[in-house]
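As structure tokens, the structure follows; a few thoughts come after it.
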Amino acid sequence: MLAAAGFHVPNLDYHALAPEIVVAATLAVVLVADLFLDDDNKWLLSNVSGWGLLVALFFTIELGARGHTASMVGGAYVVDDFALVLKGLFLVVGYIVLLMSANYVEEGDYYEGEFYFLILCSLLGMVVMSSARDLITIFVALETLSLPAYMLAGWRKRDLRSNEASLKYYLLGVLASAVMLYGMSLVFGFSGSTLLVDIGKATQGTITHAPLVTVGIFFIAVGFAFKVSAVPFHFWAPDTYEGAPTPVTAFLSVASKTGGFVALLQIIYIGFIGRSDVWGPMFWALAALTMTVGNLIALRQTNIVRLLAYSSIAQAGYILVPFAVAGSNTKSIHSAFTASVVYLLIYAAMNLGAFTVVIAVARKTRSGDIASFGGLYEYAPGLTVLMTVFLFSLAGIPPLAGAWAKIFVFRAVLDSGTSSAVALGIVAAVNAVIALFYYASVARVMWMSPVPDGDRTPIRIPATLQAALGLTVLVVVAIGIYPQLFAHLGDVASLVR
Amino acid sequence: MNFFDHWALTGAIFVPVVGAALLGLVPRRSEVALKAGALVASLASLALVIYLMAGFDYGHSSRLQFVVNDRWIDVIHSHYHIGLDGISLPLLALSALMTVLCIIYSWDHFPEPHNPKAFLILILVLGTGMNGTFGSLDLILFFVFFELVLLPMYFMIGVWGGPNRQYAAIKFFLFTLFGSALMILSFLALYFKGGQTFDMIALRHTVAAASLPTATASLIFAGLFIGFAIKVPMFPFHTWLPDAHTEAPTVGSVILAAILLKLGTYGFVRIAIPILPHAAHTWAPWIGLLAVIGIIYGALGCLAQRDMKRLIAFSSVAHMGFVMLGIATLTSFGINAAVFGMVAHGLITGMLFFIAGSVQERYGTRDMSRLGGLLLQAPRLGWILGFCAMASLGLPGLAGFWGEFPAILSAYDPAAGLSLVTFRVYMAVAAVGTVFAAGYLLWMLQRVAFGIPKTEFEHAHVHDLHVPEYLAWVPLLVLIVALGVYPHLLFHITDGAVKVVTSGLHTAAGGVAAGG
């Protein structure tokens, strides 16, 4: 692109970059302040981080309200509706994870300052990812969001499981990055550009060296399949989720996974939109496998975090369904894209909510066994009702938000209308019934089993967790009753033309 | 339309759930406040329904009234579209009334593990789900309310139910969810193939205009059929019902029998038949076949029971068979009978489950081989049981008769194009079914109420009716007599609306007759 030999300073729109700048500044402040604070005052860091995210969120909303768009560095970095909606999502998710972590990190034997620093680093990577429209930017964003996550997974420093979680996640993550990078280099070699728009033009229609592009797409997709823990590239996820501290698990299963999907959305819908013959069947197989395997293994889990881990694998399968059916016509591209984005937004709220309840309950029971939830209703009715709402939302029972996520997916399937799409829709419908079984079984334990150790002392829920629960349940119920509230957020068609 | 007319139906639907939310704020210890609050919320909803009944234009019961049609989910063109006609009004009234009566009945009778707060909240949420289902005119809205009923009932059975409650609860849930999954697929198919709308009324015309291929229409109807048939329940989808009814707490059984089963039959009358009349015509003989199998099977099932509640549960399968037979004839006579049958079955079987609950409470068992002599120990309860058994077996002069007899009669002369021979055979079989019904109900009455108490209960102190029982039962008993003596009360409401349902069928039958 840059034909001239000399480097000239790109023309940056600093207003459009405000969220990134604020997050970067906050993480710098946290890193430095950590050096000067003694242990009693470390809680300040979580407040600083939280406020930083809120300010960044303010700028994101402000940009969105003004309809401010910008395209920088020759189109490699774009701020548009899509980017802003997802930045908003990442910042809110980050804020909720901070709320979940505040007491957890303070009361456990953890490094505090570094924890917040790493969370913010990872978030910065995600925020950048939302705007990245260039292979190199995407790769840099992906590493920025992944590397801190590898460390966070091992944050329970003296726990072997946590060490295993971190190492497994790291090794497989790096392998995935390498595979992806190889795919990217093939695509670059073919198209001569790293810009997604240019790649999109180059790969459209009948092309020479089609096998080269096919292999490139295949490797890139495999790389992201690791990131979003799609079957058969999911093996790291349950161990990592179980071993990592629970707020980190929530972060990984929501934010990090969404980061992967955001990259995938941009690469597929801009870069390879003309090659649906290649990725359509691939995603079909990935989606069908991911839903089915995730759900079937989840049926057998006895640990709540592992159950949620497999459930989040299965949920990733539903998010992959629209990818598989997108290719057939313009209308279906549009509705498939919307379906994926809507699903990501709703999934974030309900999954974070479920993890927050797990953290709150574990404060008392000190256990991750599903059996330890027995009789929860008798001593913590509020938490029980909330968990029930989140679980049945994940299962897709109306009038909760998760039902609309699934209905959008089904709409994409029927908009496509091909027989393979309908077949995938049926696989998804059958899976919805299977999934209900294990979600309902957790609800059953909470409502209908006796308290395992007879200890009925109520659970004290810290204010931060209450805030996290309040936010997530509000989103799940409000969207459930009035989905219109939200539908236009998912309708960010700026990517697909 | 004035302000109050505009909001009354919405209020009737949502007042219970708002009440439930407010109850959530009341501390668990203040039981009286909780009970009073729940009663007020349910009474307010009933009052609004009575207001709607007063304002309803009975001369034009075929026209939808109190219609509200607001934007709801633009992206899928789904509207908040509600309204009432002569079919939905009586069912809405029944559902609002039952919610109140169940709360009254529970007053001092909360089943173990007690916890009135959660129990009352669940009843109120059920109230919203049921009222909303009968008020909806949009498929997605209908689906949401239809599903909203599931969760509270699941918890009601699973937490407050009998010894085998967890199995029964999950069985109920999975069966119904399986049906709903097929139902929503059919709804989406109607949307995509039948005119890009979820409006039940508009779909009648757009689907006809879209002239779907016969196979497609048949498939969509099959999806709807399974979804609704599980809820009804029709043979062979009924196996969840005896378990759910037997294990559920008394109030849960009453609501299940009186209202939830009607959601299925209502779905046939409101959605499946008017929107897909051709497919309904193709399927009608099979529906009729399953209906009469249900009548006989349910009756034989009854004769094999020891548990009083399980017997009543099987009798529901038989009675809903009559309702479905009426629907399967696709005549306005048959469907009128079916709607009457729904209301009558709601009143009578609701009462029978109440009584079974009260018997269980007094004797600690529902095993009929251990019971006996109820008339001696609690004469009023015994006589009410006798009265309800008579009503249930279809004694002329009581409500049950007008549900059963016209349904059988309607099979003599089904809609044009349906095989006369087939339906007349069904008629004969159904008539035999009424004999069985008399058999098992009298047998139950004899074993529970007649004779002398068994030795184990010989000296038991059995209290006759309590005040909450009087209050909860009198309205039902009055209605059973009133509708029995003067069925026109209900028929003149339903008739006009039913004619609209069958109007699509005339063209369907004409088409078939001309084609064949």
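Order of the sequence lines sets the chain letters (A, B, ...), proteins ahead of strands, with each chain counted from 1. Note that the coordinates shown come from a computational prediction; the quantities given were computed from them, not determined experimentally.
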Exercise for the section: Pull out the residues in residues 138-149 of chain B that come under 4.5 Å of chain A, heavy atom to heavy atom, sorted by number. Expected result: I140(B), F143(B), V144(B), E147(B), L148(B)

Exercise for the section: Kindly write out the residues that satisfy side-chain contact (heavy atoms from CB on, under 4.5 Å) with V451(A), not counting sequence neighbours, or none if the list is empty. Expected result: E378(A), Y379(A), D453(A), R456(A)

Exercise for the section: Would you check if the side chain of W72(B) reaches a backbone N or O of I481(A) as a donor-acceptor pair within less than 3.5 Å? Expected result: yes

Handout entry: Inter-residue atom distance W447(A).CH2 - M156(B).CE, 0.5 Å rounding
Key = 11.0 Å

Exercise for the section: Return yes if some donor-acceptor pair links the side-chain N/O of Q166(B) with the main-chain N/O of R444(A) below 3.5 Å, else return no. Expected result: no

Problem - F437(A) atom CZ, over 12 foreign heavy atoms within 6.0 Å - result: no

Fill in the blank from the handout: Heavy-atom closest pair (A189(B) atom, L414(A) atom, distance to 0.1 Å) is N-CD1, 4.5 Å

Handout entry: Residues from residues 383-392 of chain A approaching chain B under 4.5 Å (heavy atoms)
Key = T388(A), F392(A)

Practice task
Inspect the surroundings of NZ in K406(A) and state if more than 12 heavy atoms from other residues, nucleotides or ligands are less than 6.0 Å away.
Solution key: yes

Problem - Separation between CG of L400(A) and CG of L151(B), rounded to the nearest 0.5 Å - result: 7.0 Å

Exercise for the section: Side chain from CB out, backbone as N, CA, C, O: work out which of these in I170(B) comes under 4.5 Å of a heavy atom of chain A, or both, or neither. Expected result: side chain

Problem - Pairwise distance CG(L188(B)) to CD1(I407(A)) - rounded to 0.5 angstrom - result: 6.5 Å

Exercise for the section: Select one option (side chain, backbone, both, neither) describing which atoms of I434(A) are under 4.5 Å from chain B's heavy atoms. Expected result: neither

Fill in the blank from the handout: Here the pair of heavy atoms bringing R28(B) nearest to P381(A) is NH2-CG, 3.4 Å

Exercise for the section: Answer yes or no: is there a side-chain heavy-atom contact under 4.5 Å between Y377(A) and N115(B)? Expected result: yes

Exercise for the section: State, yes or no, whether a side-chain contact exists between F410(A) and I184(B) at a heavy-atom distance under 4.5 Å. Expected result: no

Exercise for the section: Please flag which part of Y154(B) lies under 4.5 Å from any non-hydrogen atom of chain A: side chain, backbone, both or neither. Expected result: both

Practice task
Could you list which of residues 219-228 of chain B have a heavy atom closer than 4.5 Å to any heavy atom of chain A, in residue-number order?
Solution key: none

Exercise for the section: Taking atom CZ of F178(B) as the centre, report whether more than 12 heavy atoms of other residues, nucleotides or ligands fall under 6.0 Å from it. Expected result: no

